[in-house]
Structure formats: structure tokens, C-alpha cells
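For this chain, numbers begin at 1 and follow the sequence in order. If you're wondering where the values come from, they're calculated on a predicted model, not measured in any experiment.
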Amino acid sequence: APPLRITGMPAFPIRLNVPDAMPSNRPTQIRPLTLAELVVLILLAWAIWAMGAHAQLVPIKTAPIATGSQFQLYPSHARGMGGVSLAVDDTLGDAFVNPATAARLDGTWAYSAPSHYTITGPDGGARTLSVGALVDRGRWFGGLAGALQQLNPGPQPRRPLIPIGPRFTTTPRPETSSIPLLRETSAENQYVTGLIGRQLTDQWALAGRVQWAGLGAMEGVDLMYPGNQGLRQDGHRLDVRVGLLREWGDRSLQVLLVHDRIDMQHDVRTVQFVQPETGGQWVPNVQWNRYHDRTNTWGVHLAYDRPLGTDGWRLGTVLTGNRKGHPKIPNYDLMNIPRDPGTSWASTVGAGISHTDGRTTIGADLLFAPIVSETWANAQERIEQPDGGTIAPGERTITNDFTFANTTLRTGLRHRQDWWTLQAGLNVRTTRYWLTQHDRVLQTKRDQYEDWSEWTLTWGGRGEWGTL
């Protein structure tokens, strides 16, 4: 194949001292390395350095809290198929995952994407309105998008307001008065996304994307503080991505580098009734406790897909990895596992297959996600141990070692007629993890195993009328 070259871009010569396979007096001839090839080598070198550690974002959950689609803000041609994506093309949705795939779009695309989801239980849901545009101008392409979201937590049972008398006795008074319970009924989130890229050659495209979110809440957090008398959340998220796309024939290769930062603050309200030592009416004692949740993620995502024969079959594979740093982790009431700070290494390997027969497409993905995570708590003061030893300030008091073996199975169907399309799908995610906890204060060790499954049913429809 002829060397890849970019008009107006200099080539970078690299010379390798490699001996000939057969003895010869002629020096080895090495052609210059073009800019596109150099970019690929740099990205692959980064991927090799990060692999086994560093994707797209691999979720880590230690409690069976169902979450929906808070960050699925943008339109998709295949979301109704249960999220099947490895061997099913999603020309519009892929552009917001790997920005380099926006090179596949021709002309100008403008969209408005209202969405709504609920979690059974009821455990809440969200309504989102996203608008944006993607523009193609020769070899350059880009886009700008924004979204407003209303997040609704589900109604949660509260802890009873227990009166506490002098010396903190727990004998309740029959006529205990109450105060109005506070419940967060909704929270507002705002999202802004921008991307820009360039078609380097007929086969290569490079692009970057930045998303900033002002978050009034994240789904599922209210369930991590069961019985709270009020919860306020505030924070932001920054997601930066650089994507590379190569397409030749019916094959494609994607490389995606990700940096994601989440910084949230949780203010949790508790109420107890206290009777003054001098007697008299019981009065409520309201306390607000503040917790911080911060996670910084570096990741790489590699994806490859190709046709299988000529009968409409297609195969897709994916390899991803994350390194997650947790400078601050709340000590959630639901788990009650001291773990601040921590580090996690997460990866995903998977394969997908699809078949298109005329107007109907079916597809399935299978993914396996091994994860290891270590969290700990540090001593704030000198602590005496049962065997006579001591723990100095700053040393670890508790260490938690998590090992995950998660699986995800997605399957979906899409049928298209002249102007309309129907979709249906199922997504099943199983979480399994083993926890080994070492308590240096009590000098004990315990093991814990947890597993659960989350089932997500999806459906979708699409209609086309001219350019709409």
C-alpha cells in the first residue's frame, strides 16, 4: 500500500538499524513515517502503557443501587436496541462517544432530543432536553451541544425521629412532636459539550471533545444515605476525550483516550429530639454533615469491527481500561465501610455480533469487566492496638481490597420500513465482588461476597419525513 501522507504536512523520517534477512551489502531502506502514522504510534504507545489499567468509563458499584441513563444525553440510532454497539453502526450516537466518528457525517445535522426514564421501585428517574448541531466543512468538522436535566429521586423511608433525653437515654415520649420532613423533590443539571476534528486522510480522522456538567445531583446517591432527613448535592464533572478513527473498506479501528473528573459535595441532614436537662418541651436537634466524593479517571478504549463473509454478518471487539483515583470517598450509611481515599484499576474485554437481512438487524454484545480496587482509612490521631502496638497519625487503620468479576449481556432488534423504524432490546448487567477487610485497630480480618443483577428493557422508534 502507498504510504499515508497529509497534504501540506511534513514527513518525519525515522531510521531503524535492522539487519537484512539475507546477507547483503546494500543498506536497509526505510521510508519516512508520515504524521498520521506517527500519531497512531504515539496513541498506541500510550495505550500499551495504560492497558491493563487504563476506556471509556468502566463503572464500579459496591451496592445494589439501580441507576438509569443520567449521562446518556444525546440522540442515538441504536439506543433502543438495549445498548448494542460493538457490531451495530450508530452514526449519530457514536459521534458523542468517540468524537473522531463525527467524520462519518456529511453536511449539517441539527437535533433536539427530549428523553425520559424511570427506575422501578420507585427509585426515581429523569427528564432531559438536549439540543445541538454537528457541522462538516471539508476536512474540518465540529459540533456544539447543550442539555438541561431534571433529576427526581424516589421517595425514601425516613428514620423515625427518636427523642433523646438527658444523658442520651432512648426512652421516647408518647406525645413526641414532629417537624416537617425535608425531601429533595428534584435537582437541576446543566451540560455543555463541544467537539472539533479533522479528516487527516481518506482513512484517518482525529478529533477532541470536552464536556462540562454542573450537577445539582447524581442518581442513586440519595439511596446511599437511607433514612436521611434531607440531602443536598452540588458539584461538577469534566470529561475530556481525544479520538482517532481509521476506516478502510468495511473495517474500522477506533482509539479513544479519556480523562474524567467528578467532584461532588453531599450535605446530609439528621434530626434527633433532645430534652433539656432542666426539663420542659423536647426540641429538635438538626445537624448537617458534609461529605465529599471525588474521582479522577484516566482511560483508553480500543474498538475494532469488520464484516464476516458476505451474508450480512458483522463482528466487533473492544478492549478498555481505567485507572481511577479516589481522593475522597464518602462513608455511605448503606455500606458503612470506611474507605477514604483509594485507587481502582478497571478493564473491559468484549465481543459483539450482528446480522442484517434486508430491513431487519439483530445484534448482541457480551462483555467481561475484571476490576481490582483498594481503599483505606487513615488515623487522625495516635491509636493504641490490642497487642500493645500503636498506629501513628496518617497511617492506615482499615484496608479494603475489592475484586470484581462483572459481566454484561446486551441484545437488540431493529426493523425498518420505508419511513419508520422500531427497536427493542434487553440489557443485563451482573455485578460480583469479593471484599477482604483488614482492621488494624481491632486487628481483625473479614471476608464478604456480594452479587446482584440489573435488568434494563429498552424500546425505541424513529420516523423520517424529508430532512426531518
Side-chain angles (χ1 to χ4, degrees), residues 59-65 156-172 220-229 231 262 264-272 274 285 287-296 323-346 370-406 431-452:
I60 301 177
K61 297 170 67 174
T62 57
I65 300 299
Q156 298 301 316
R158 306 292 182 181
R159 291 194 183 108
L161 301 179
I162 301 176
I164 300 178
R167 299 185 179 90
F168 301 97
T169 61
T170 58
T171 304
V221 172
D222 57 310
L223 303 177
M224 300 298 288
Y225 299 99
N228 69 81
Q229 303 299 323
L231 173 64
I262 295 179
M264 295 295 297
Q265 175 180 293
H266 307 157
D267 292 325
V268 183
R269 179 180 184 265
T270 59
V271 180
Q272 292 177 325
V274 179
N285 178 27
Q287 292 184 344
W288 286 93
N289 298 310
R290 175 165 294 180
Y291 305 95
H292 294 277
D293 186 2
R294 301 188 182 114
T295 297
N296 303 324
R323 182 193 182 278
K324 297 176 179 283
H326 312 284
K328 296 292 294 184
I329 306 175
N331 184 17
Y332 293 115
D333 292 347
L334 183 65
M335 296 298 295
N336 195 28
I337 299 177
R339 46 177 186 172
D340 181 18
T343 303
S344 302
W345 303 82
I371 304 169
V372 293
S373 179
E374 182 185 28
T375 64
W376 57 88
N378 296 323
Q380 302 299 315
E381 58 186 15
R382 186 182 181 88
I383 299 177
E384 299 292 334
Q385 296 175 295
D387 63 357
T390 60
I391 301 176
E395 292 185 348
R396 298 184 182 183
T397 58
I398 289 181
T399 301
N400 308 294
D401 294 314
F402 296 87
T403 302
F404 293 80
N406 301 338
T431 300
R432 302 181 185 88
Y433 75 85
W434 296 261
L435 165 64
T436 299
Q437 184 181 79
H438 298 270
D439 189 331
R440 295 187 60 207
V441 177
L442 301 178
Q443 295 184 320
T444 59
K445 173 188 173 182
R446 74 179 182 93
D447 296 313
Q448 180 179 341
Y449 171 76
E450 299 288 348
D451 68 90
W452 68 88

Intermediate values then yes/no, side-chain hydrogen bond (donor to acceptor under 3.5 Å, both in side chains), T436 and D447: CA-CA 5 Å; T436 299; D447 296 313; 3.0 Å; yes
Candidate pair Q265 and R290, rule side-chain contact (heavy atoms from CB on, under 4.5 Å), full reasoning: CA-CA 7 Å; Q265 175 180 293; R290 175 165 294 180; 3.2 Å; yes
Derivation of the side-chain contact (heavy atoms from CB on, under 4.5 Å) call for T397 and I383: CA-CA 9 Å; T397 58; I383 299 177; 3.9 Å; yes
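Inspection of the Q443 and D387 side chains reveals an N or O donor paired with an N or O acceptor under 3.5 Å. Between the side chains of T375 and N400, at least one donor N or O sits under 3.5 Å from an acceptor N or O.
Taking the side chain as every heavy atom from C-beta outward, D293 and H266 approach each other to under 4.5 Å. In this structure, L435 and R446 have side chains that are in contact, with non-hydrogen atoms separated by less than 4.5 Å. Within the 4.5 Å cutoff, no side-chain heavy atoms of Q448 are placed close to those of Q437. Taking the side chain as every heavy atom from C-beta outward, D267 and N289 never approach each other to under 4.5 Å. Counting only heavy atoms from C-beta outward, the side chains of Y291 and V268 approach each other to under 4.5 Å. When side chains are defined from C-beta on, P327 counts as touching N296, because their heavy atoms get closer than 4.5 Å. Annotation: side chain of W376 is in contact with side chain of N378 (closest heavy-atom distance under 4.5 Å).
Proximity of a side-chain donor or acceptor of T295 to a complementary backbone N or O of H326 within less than 3.5 Å is not detected. Judged by distance alone, with hydrogens and angles left aside, the side-chain atoms of Q385 form no donor-acceptor pair with the main-chain N or O of I391 at under 3.5 Å. At distances below 3.5 Å, at least one donor-acceptor pair connects side-chain atoms of N406 with backbone N or O atoms of R432.
Atoms CD and CZ, from E395 and R382 in turn, are 9.5 Å apart once rounded to the nearest 0.5 Å. Put simply, CZ on R269 and CH2 on W288 are 6.0 Å apart, with the number rounded to the nearest 0.5 Å.
Within 6.0 Å of CD in E384 there are more than 12 heavy atoms belonging to other residues, nucleotides or ligands.
The existence of a salt bridge linking E374 and R396 is confirmed by a sub-4.0 Å separation between a basic side-chain nitrogen and an acidic carboxylate oxygen.
Here the closest non-hydrogen pair linking A392 and A379 is O-CB, 3.7 Å.
The aromatic rings of Y433 and F404 sit tilted, their planes meeting at an angle between 30° and 60°.
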